[in-house]
Structures are given as C-alpha cells and as structure tokens.
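Taking it in order: structure first as structure tokens, then the write-up.
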Amino acid sequence: MTKCPCGTAKTYADCCELIHRNIHNAKTAEDLMRSRYTAFVLANGVYLMKSHHSTTRPVHEKEEIVAWAKSVQWIRLEVLGTTKGGSNDKKGTVHFKAYFFEGGIVQTIEEHSLFEREEEHWVYVGAM
C-alpha cells in the first residue's frame with residue numbers, strides 16, 4: 001500500500017479518502033488542508049470546490065484548476081505550522097509549502113491559509 005500524498009504515514013484509504021468521501025471526517029483545519037493537497041494531486045475538482053468556502057469558491061475556474069493540477073507533478077506537502085483550527089474551533093490557519101515539478105523545475109506554493117467552519121464542517125476560505 002502506498003502512503004497518502006498528504007504526507008502522513010497512513011494509506012490514502014485510511015487518510016484523505018475518508019475525508020474525500022465525507023468532508024465531516026476532517027476534524028481539524030489541518031486535516032482539511034491535507035485533504036485539499038491530496039485532491040490537487042488527484043485532480044479531484046469536485047472535492048476542491050466542495051471544500052472551498054461558498055463565498056470564495058472559484059466555480060468558474062474549476063476546469064482550469066483541474067487542468068493545471070494534472071499538468072504538474074506533485075512532490076510533497078510540508079506543514080509549517082497551525083493556529084487554532086482544532087475540533088472545537090470555528091476558525092484556524094495552516095502555514096504550508098506544497099512542492100511540485102513544472103516546466104522542468106521544482107516550484108513551491110507557500111501559503112498561510114484561513115479555514116472556517118461552514119455548515120458544520122471545515123472549509124478553505126483563502127490565503128491570508
């Protein structure tokens with residue numbers, strides 16, 4: 001069995017797949033962020049839209065996001081820190097770096113992301 005793309009020691013089936021099947025399984029903001037990274041690796045546009053806050057959801061860019069996610073080779077995710085975002089919180093942040101190979105070079109996305117609860121589950125609001 002292969003490890004989950006999000007970087008935990010768990011398999012995809014025991015990690016992000018559980019959240020992809022039921023977003024309520026993301027107990028923390030970090031869980032949701034890791035599941036979103038894995039959704040980028042898998043080019044799962046449906047989940048990327050579902051896990052995005054309704055007020056900032058890029059519905060019109062969904063096809064472009066999926067095409068880009070498929071066009072790069074994802075390398076790894078590094079979580080650098082979190083604030084709040086626990087199972088009893090309403091908001092939280094995650095600071096991360098996502099590494100990918102594009103255009104012949106390794107590139108990174110580094111972001112401090114804001115997450116909130118919407119409809120009783122965690123969603124990505126946007127970069128801070």
Side-chain angles (χ1 to χ4, degrees):
M1 294 191 224
T2 59
K3 284 203 254 179
C4 190
C6 79
T8 66
K10 299 176 182 178
T11 64
Y12 172 67
D14 291 330
C15 192
C16 288
E17 184 178 19
L18 297 172
I19 299 169
H20 290 168
R21 290 179 182 265
N22 182 350
I23 199 164
H24 293 277
N25 286 327
K27 301 301 181 201
T28 67
E30 183 178 337
D31 288 348
L32 189 87
M33 192 279 309
R34 287 181 177 280
S35 73
R36 283 181 54 79
Y37 172 83
T38 298
F40 273 100
V41 172
L42 301 175
N44 182 343
V46 171
Y47 181 79
L48 289 170
M49 294 300 114
K50 181 178 186 170
S51 62
H52 210 290
H53 196 280
S54 62
T55 62
T56 57
R57 188 175 294 141
V59 177
H60 300 296
E61 289 95 42
K62 178 183 170 189
E63 290 181 20
E64 293 169 28
I65 292 167
V66 169
W68 177 75
K70 288 180 178 178
S71 76
V72 302
Q73 180 182 356
W74 294 95
I75 300 169
R76 71 182 170 98
L77 173 68
E78 181 180 4
V79 175
L80 303 172
T82 63
T83 58
K84 297 193 178 184
S87 58
N88 295 318
D89 294 316
K90 300 281 186 219
K91 293 183 179 185
T93 67
V94 180
H95 179 198
F96 71 90
K97 283 186 180 179
Y99 297 83
F100 59 96
F101 193 71
E102 181 180 37
I105 59 171
V106 173
Q107 300 194 47
T108 61
I109 297 169
E110 182 172 357
E111 184 175 302
H112 283 89
S113 301
L114 175 62
F115 296 84
E116 292 181 2
R117 287 193 183 271
E118 182 178 56
E119 298 178 13
E120 303 301 314
H121 63 81
W122 285 107
V123 290
Y124 170 75
V125 178
M128 297 175 47

Shared hydrophobic cluster for Ile23 and Met49 (ILVMFWY, side-chain gaps under 4.5 Å)
yes

OH/Tyr124 to CG/Leu32 distance, rounded to the nearest 0.5 angstrom?
11.0 Å

Closest contact, heavy atoms only, Pro58 versus Ile65:
CG-CD1, 3.8 Å

Separation of Ile19 CD1 from His121 NE2 (nearest 0.5 Å):
12.5 Å

Rounded distance [0.5 Å steps], CG in Leu114 versus NE2 in His53:
8.5 Å

Which heavy atom in Arg117 sits nearest to a heavy atom in Asp89, and how many Å separate them?
NE-O, 2.8 Å

Would you name the heavy atoms of Cys6 and Tyr37 that are closest together and state the gap between them?
CA-CD2, 4.0 Å

Would you say the side-chain atoms of Glu118 pair up with the backbone N or O of Ser54, donor to acceptor, closer than 3.5 Å?
yes

In terms of heavy-atom contacts, does CZ of Arg21 have more than 12 from other residues, nucleotides or ligands at under 6.0 Å?
no

Are there over 12 heavy-atom neighbours, none belonging to Asn88, within less than 6.0 Å of that residue's CG?
no

Parallel, tilted or perpendicular: rings of Trp68 and Phe100 (30°, 60°)
perpendicular

Looking at CD of Glu111 and NE2 of His95, how far apart are the two atoms once the value is rounded to the nearest 0.5 Å?
9.5 Å

Heavy-atom donor-acceptor pair, Gln107 side chain to Glu102 backbone, under 3.5 Å
yes

Drop me the distance from Thr93's OG1 to Met33's CE, to the nearest 0.5 angstrom.
10.5 Å

Check whether any side-chain N or O of Arg76 sits under 3.5 Å from a backbone N or O of Gly7 as a donor-acceptor pair, and report yes or no.
no

What is the minimum heavy-atom distance between Cys15 and Thr8, and which atoms define it?
SG-OG1, 3.3 Å

Nearest heavy-atom contact between Val46 and Lys62 is CG2-NZ, 3.7 Å

Considering all heavy atoms, the nearest Lys84-Lys91 contact
CB-O, 3.5 Å

On the 0 to 90° scale, with breaks at 30° and 60°, tag the His20-Tyr47 ring pair as parallel, tilted or perpendicular.
tilted

Has Trp74 got a side-chain atom pairing as donor or acceptor with Thr38's backbone, closer than 3.5 angstrom?
no

Atom CG in Leu48, atom CZ in Arg36: separation rounded to 0.5 Å?
5.0 Å

Could you tell me whether the side chain of Ser87 and the main chain of Lys27 form a donor-acceptor pair under 3.5 Å?
no

With a 4.5 Å cut-off on side-chain heavy-atom distances among I, L, V, M, F, W and Y, is there a chain of contacts connecting Trp122 to Phe40?
yes

Hydrophobic clusters here meaning ILVMFWY residues chained together by side-chain heavy-atom distances under 4.5 Å, can you tell me if Ile109 and Val41 are in one?
yes

